[in-house]
**Student:** 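Okay, here's the structure, questions in a sec.
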Amino acid sequence: MATIAAVSSKGQIVLPISIRKRLGLKAGSQLVVISDDENILLKPVKEPSIEEFRGLLAESQAWAKNEGITEDDIAIAIKAVRKSKKK
């Protein structure tokens, strides 16, 4: 679906209601704005469901185990990053 939207003097645009409804966008919904200097892409930011989050967590844990990464390795990495940020 293609529609034309105007940019206000404040740089705001109004998304057509049909698009907002179809995507479930409400006041306060966040969008990622991506540009390649010719095009603009707006992509809704969606929080993963708890099931999606658990799936991502399980996938990450399996990857870390496969790579031989331990909880101690993670603690060491966190300490190193925190130390570098204090400088």
Side-chain angles (χ1 to χ4, degrees):
M1 168 188 283
T3 60
I4 295 177
V7 178
S8 75
S9 61
K10 293 182 180 182
Q12 300 168 321
I13 62 168
V14 175
L15 298 175
I17 193 160
S18 60
I19 292 175
R20 294 194 315 261
K21 282 184 176 180
R22 192 169 69 229
L23 296 176
L25 299 174
K26 297 181 172 76
S29 292
Q30 294 185 326
L31 304 170
V32 174
V33 182
I34 303 167
S35 174
D36 64 3
D37 295 329
E38 185 177 326
N39 300 292
I40 299 170
L41 172 68
L42 302 174
K43 183 163 177 49
V45 175
K46 293 185 352 183
E47 291 182 21
S49 68
I50 193 68
E51 292 81 20
E52 289 173 311
F53 181 76
R54 286 183 179 140
L56 291 170
L57 182 58
E59 186 178 324
S60 299
Q61 290 171 331
W63 175 84
K65 184 177 181 180
N66 187 51
E67 295 295 318
I69 297 172
T70 66
E71 287 185 33
D72 289 340
D73 295 329
I74 294 169
I76 291 167
I78 290 170
K79 285 179 186 176
V81 169
R82 288 180 177 162
K83 185 176 181 179
S84 71
K85 290 193 180 233
K86 287 183 180 180
K87 291 181 180 182

**Student:** Under 3.5 Å, sequence neighbours excluded: what are the donor-acceptor pairs made by side chains of residues 7-15?
**Tutor:**
unit_1: Ser8; atom_1: OG; unit_2: Lys10; atom_2: N; d: 3.2
unit_1: Ser8; atom_1: OG; unit_2: Gln12; atom_2: N; d: 3.1

**Student:** For residues 57-74, which residue pairs qualify under side chain to side chain donor-acceptor pair (under 3.5 Å), counting only residues two or more places apart or in two chains?
**Tutor:**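 Of all non-adjacent pairs touching residues 57-74, those that pass side chain to side chain donor-acceptor pair (under 3.5 Å) are Thr70-Asp73.
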**Student:** Would a single hydrophobic cluster contain both Ile76 and Ile69, if residues Ile, Leu, Val, Met, Phe, Trp and Tyr are joined by side-chain heavy-atom contacts under 4.5 Å?
**Tutor:**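 No, Ile69 and Ile76 fall in different hydrophobic clusters.
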**Student:** What is the minimum heavy-atom distance between Ser29 and Gly24, and which atoms define it?
**Tutor:**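 Where Ser29 meets Gly24 most closely, the heavy atoms are OG-O, 4.4 Å.
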**Student:** Does atom CD1 of Ile40 have more than 12 heavy-atom neighbours from other groups under 6.0 Å away?
**Tutor:**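 No, not enclosed.
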**Student:** Heavy atoms only: give me the nearest Pro44-Leu31 pair and the separation to one decimal.
**Tutor:**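 Scanning both residues, the minimum pair turns out to be CA-CD2, 3.6 Å.
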**Student:** Is Val32 isolated, or which residues cluster with it under the ILVMFWY side-chain rule of less than 4.5 Å, directly or via members?
**Tutor:**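 Val32 shares its hydrophobic cluster with Ile34, Leu41, Val45.
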**Student:** Of the non-hydrogen atoms in Glu52 and Glu47, which two are nearest, and what is the gap between them?
**Tutor:**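 Closest approach of Glu52 to Glu47, heavy atoms only: OE1-O, 4.4 Å.
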**Student:** CZ of Arg20: more than 12 outside heavy atoms within 6.0 angstrom?
**Tutor:**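 Check passes, neighbour count above 12.
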